[in-house]
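Some notes on the structure that comes next.
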Amino acid sequence: MEQSSSSKGYQRPTWDEYFMELANTAAKRATCDRGRSGCVIVRDKHVLVTGYVGSPLGLPHCDDVGHLLKKVYHEDGRITQHCVRTVHAEQNAICQAARLGIALDGGTLYCKMTPCHTCAMLIINCGIKRVVCERKYHAGEESERMFRQAGVIIDFFNDEVEQYDNQ
């Protein structure tokens, strides 16, 4: 007779762990190696859409032609670099929902790191109620503040900051 999984010590992932695994799988399709990330949006424990970092339809990918880096000068004197060739995973998931006519209101979004300022605004306006991140984004404080003000719950698997080249 076959033993049950629980008697072998197997432990099912939580819903958050399960959906984060799906987001990490989506990230494998990403076409920019600066923080390759994926996104999954769910509601009532059902996947609605996925997205990953990639160039707009028909345009060249970073993996093929290199990055299109822009410097951002911050008020505190910091200078950061951002690749502007690609659409963020969160943006692509939201666009996919729009193309397919899927409402995201009341959903939960899973992603690799704190969404950027622009993604945070889109997430808020879509009616997404919870964001779950694997790690923090080095420039994510403003997004976290906006989420709190808008009543969007943000949870982190850990408080580490995502690290990548030319940050």
Side-chain angles (χ1 to χ4, degrees), residues 16-17 19-42 48-99 104 107-167:
D16 283 348
E17 291 166 342
F19 291 126
M20 190 61 74
E21 286 281 334
L22 294 178
N24 286 329
T25 297
K28 293 177 181 179
R29 291 284 305 155
T31 62
C32 180
D33 64 2
R34 288 175 47 84
R36 285 192 201 279
S37 61
C39 173
V40 173
I41 304 175
V42 306
L48 300 175
V49 289
T50 65
Y52 55 85
V53 173
S55 296
L57 294 172
L59 298 182
H61 296 292
C62 294
D63 288 349
D64 298 329
V65 298
H67 299 291
L68 182 57
L69 295 175
K70 300 286 182 173
K71 289 184 180 181
V72 175
Y73 298 87
H74 300 272
E75 291 176 6
D76 65 2
R78 288 180 304 123
I79 301 172
T80 56
Q81 292 191 85
H82 299 270
C83 181
V84 297
R85 184 177 305 286
T86 58
V87 178
H88 294 181
E90 300 90 339
Q91 294 166 353
N92 272 326
I94 290 167
C95 287
Q96 185 74 315
R99 289 181 69 158
L104 302 177
T108 298
L109 182 146
Y110 293 84
C111 57
K112 185 174 187 176
M113 59 187 131
T114 316
C116 73
H117 177 265
T118 301
C119 288
M121 290 189 294
L122 292 172
I123 289 165
I124 291 165
N125 279 358
C126 285
I128 291 169
K129 296 299 179 198
R130 182 172 176 241
V131 174
V132 181
C133 309
E134 197 168 44
R135 291 186 174 83
K136 291 190 175 247
Y137 174 50
H138 70 275
E141 298 84 16
E142 187 176 13
S143 297
E144 291 179 44
R145 190 169 39 257
M146 282 194 309
F147 287 143
R148 283 191 299 275
Q149 289 175 329
V152 174
I153 297 164
I154 184 163
D155 292 317
F156 295 93
F157 272 48
N158 64 61
D159 287 331
E160 294 174 15
V161 174
E162 180 71 20
Q163 299 293 322
Y164 51 88
D165 290 339
N166 295 317
Q167 203 164 3

- Task: Could you tell me which non-hydrogen atom of I154 sits nearest to which non-hydrogen atom of C133, and how far apart they are?
- Result: CD1-SG, 4.0 Å

- Query: Quick one: CD1 on I153 to OG1 on T108, what's the gap to the nearest 0.5 Å?
  - Reply: 8.0 Å

- Message: I need the minimum non-hydrogen distance between T50 and A26, along with the two atoms involved.
- Response: CB-CB, 4.5 Å

- Message: The criterion is salt bridge (Lys or Arg N to Asp or Glu O under 4.0 Å); which residues satisfy it with R99, sequence neighbours excluded?
- Response: none

- Item | D64 with R85: basic N within carboxylate O range, under 4.0 Å | no

- Query: Heavy-atom distance under 4.5 Å between the side chains of F157 and E17, does that happen here?
  - Reply: yes

- Message: For the CD atom of Q91 and the SG atom of C119, what is their distance to the nearest 0.5 Å?
- Response: 4.0 Å

- So, the side chain of S143 versus the backbone of P115: is there a donor-acceptor pair under 3.5 Å, distance only? yes

- Query: T31 side chain to D63 main-chain N or O, any donor-acceptor pair under 3.5 Å?
  - Reply: no

- Query: Do the side chains of Y110 and V42 get nearer than 4.5 Å, heavy atoms only?
  - Reply: yes

- For the residue pair H67 and C62, establish whether any side-chain heavy-atom pair is separated by less than 4.5 Å. yes

- Given side chains that start at C-beta, do those of F19 and V132 come closer than 4.5 Å, heavy atoms only? no

- Note on the structure: Of all heavy-atom pairs linking A93 and C39, the shortest is CB-SG, 3.9 Å

- Message: If I take atom CZ from residue R36 and atom OG1 from residue T86, how far apart are they, to the nearest 0.5 angstrom?
- Response: 10.5 Å

- Would you call L104 and V49 a side-chain contact if the rule is heavy atoms closer than 4.5 Å? yes

- Minimum heavy-atom separation for G38 to A27, with atom names? N-CB, 3.3 Å

- Note on the structure: Of all heavy-atom pairs linking N92 and Y52, the shortest is ND2-O, 2.7 Å

- All pairs passing salt bridge (Lys or Arg N to Asp or Glu O under 4.0 Å) where residues 115-131 contributes a residue, at least two apart: D16-R130, R130-D155

- Note on the structure: Distance col, row M121:CE vs F147:CZ, nearest 0.5 angstrom, shows 10.5 Å

- Is the shortest heavy-atom distance from the side chain of H82 to the side chain of K70 under 4.5 Å? no

- Note on the structure: When rounded to the nearest 0.5 Å, the distance separating SG of C126 from CD1 of I41 is 7.0 Å

